[in-house]
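Some notes on the structure that comes next.
Note on naming: letters A, B, ... go to the chains in the order of the sequence lines (proteins, then strands), and numbering restarts at 1 for each one. Values reported hereafter were calculated over all heavy atoms of this structure, with side chains retained and with hydrogens, waters and symmetry mates removed.
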Amino acid sequence: MIKIQKKNFNLEEEIDKIKNKHSDIGAQTSFVGYVRDLNNNKDVKYLNLEVYEEMAFKELSKIENNALKKWSLIDTLIIHRYGKLNVNEKIVLVSCFSQHRKDSFNACEFIMDYLKKDAPFWKNEFYYKDDEWLENSK
Amino acid sequence: MIKIQKKNFNLEEEIDKIKNKHSDIGAQTSFVGYVRDLNNNKDVKYLNLEVYEEMAFKELSKIENNALKKWSLIDTLIIHRYGKLNVNEKIVLVSCFSQHRKDSFNACEFIMDYLKKDAPFWKNEFYYKDDEWLENSK
Amino acid sequence: MRIRYFAWIKDITNKDDDVIDINHPKTIQELKKYLENLYPDLRKHFLHDVLRFAVNQEYVSENLSLKPIDEIAIFPPVSGG
Amino acid sequence: MRIRYFAWIKDITNKDDDVIDINHPKTIQELKKYLENLYPDLRKHFLHDVLRFAVNQEYVSENLSLKPIDEIAIFPPVSGG
């Protein structure tokens with residue numbers, strides 16, 4: 001499942017909603033990204049996160065499908081926020097559900113790597129004096 | 001932080017409690033283990049999870065310290081339950097907090113690997129007709 | 001043909017998109033020439049090869065032929081996650 | 001010296017622990033001999049080398065010398081997580 005939304009989300013609720021559908025899940029690995037207080041050696045005020053929404057759905061679906069082909073997964077969940085995000089707020093959740101733990105670890109890391117590389121989101125980070133558009137490192 | 005407890009826990013609350021202490025956290029990877037409905041080709045009724053509590057604290061602290069030495073981590077959280085656990089219930093949470101994602105992924109997988117190998121917990125799995133003491137695969 | 005701009009590309013174009021009705025570019029190479037004329041500040045970014053192109057919400061190779069119905073997107077390296 | 005049993009070891013010993021006040025074993029090897037006498041069903045598991053030993057809540061090598069004050073634990077392979 002892929003969600004692209006402005007609003008915050010609750011980890012317990014989102015993960016539980018998927019877990020409750022499958023009693024054969026034994027393992028769940030998730031990654032959460034947050035807005036940090038300091039970046040490029042400057043105090044961060046907030047992020048403005050822009051998305052190309054139609055393409056983000058397509059790209060994330062491709063990445064999710066590639067993960068499902070590579071590992072034995074029962075379900076996956078990706079939530080990516082956009083809009084104004086303050087320091088300490090959650091930006092993204094990737095959660096992978098499987099019978100055994102290695103599949104969920106590997107798939108979660110794989111999805112995050114490709115999300116960072118290809119999913120069309122852009123962080124415009126605002127400091128106290130100026131702002132900057134970020135680029136993910138390779 | 002290490003918690004060994006009978007009662008259930010809420011992912012959002014537990015992870016938030018640690019996250020709120022550090023505004024420099026940019027990444028959090030967590031693993032959750034659940035009781036599966038089927039194991040050894042038998043329907044599972046419930047688990048009885050036994051712990052050698054004093055030793056479990058010591059072992060998990062060692063594993064946590066080894067992870068802190070190997071990767072750049074801001075904080076870690078391990079919660080392991082014991083006692084009677086029904087199908088679908090959470091058994092364990094390992095959560096690693098860092099500035100950048102690779103540290104949190106690597107540390108979380110490392111802690112789970114050693115927890116499974118060395119932490120003194122034993123699962124007694126009850127089926128409809130009999131029961132079995134499990135052993136983690138190598 | 002609709003051309004959409006994202007992130008700091010919009011600071012150069014001063015708009016979200018352009019629509020080209022006649023004589024639309026047939027390849028990404030032609031599109032770059034077309035946009036350089038409209039927005040000279042884009043030229044150096046094309047030269048540095050830092051921008052990415054998508055056609056109908058998919059990354060494309062440069063030799064794809066473009067159709068009037070296509071939605072093209074031009075954007076800088078992504079930074080989600 | 002207190003010897004604690006965990007998981008299915010307790011099905012063999014029928015108790016959680018034993019306390020040895022005099023003539024306690026001085027090494028894990030001696031402890032195994034001692035326990036084989038008390039619980040003959042343990043012998044085959046010692047032979048198969050499947051059990052793990054901890055002294056004062058730490059895994060130990062077999063040639064550690066045991067003291068009267070020590071807490072020893074004997075248990076099967078773990079299965080937490």
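- With a 4.5 angstrom heavy-atom cutoff, B/L134 touches chain D via backbone and side-chain atoms both.
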- Task: Walk me through it: do B/H22 and B/F97 pass the test ring pair (Phe, Tyr, Trp, His ring centres under 6.0 Å)?
- Result: CA-CA 9 Å; B/H22 317 276; B/F97 302 78; 7.5 Å; no
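- Looking at D/D11, only its side chain comes within 4.5 Å of chain B, counting heavy atoms on both sides.
- Under the 6.0 Å distance and 45° angle rule, B/K84 counts as a cation-pi partner of B/Y46.
- Annotation: maximal heavy-atom pairing with chain B below 4.5 Å, among D/P77, D/P76, D/A7, D/A73, occurs at D/A7.
- Contacts of B/E50 with chain D are made by side-chain atoms alone, with heavy-atom separations under 4.5 Å and no backbone atom involved.
- Among B/K58, B/K117, B/E59, B/K62, the residue making the largest number of heavy-atom pairs under 4.5 Å with chain D is B/K58.
- When heavy atoms are compared at a cutoff of 4.5 Å, B/D118 approaches chain D by way of both its backbone and its side chain.
- For D/Y39 and D/D18, the side-chain atoms include at least one donor-acceptor pair closer than 3.5 Å.
- The closest side-chain donor-acceptor pair between B/S104 and B/T29 falls under 3.5 angstrom.
- For B/V94, no part sits under 4.5 Å from any heavy atom of chain D, backbone or side chain.
- With respect to B/E14 and B/K3, a salt bridge is recorded, a charged nitrogen being found less than 4.0 Å from a carboxylate O.
- The aromatic rings of D/H45 and D/W8 lie tilted to each other, with the angle between the two planes from 30° to 60°.
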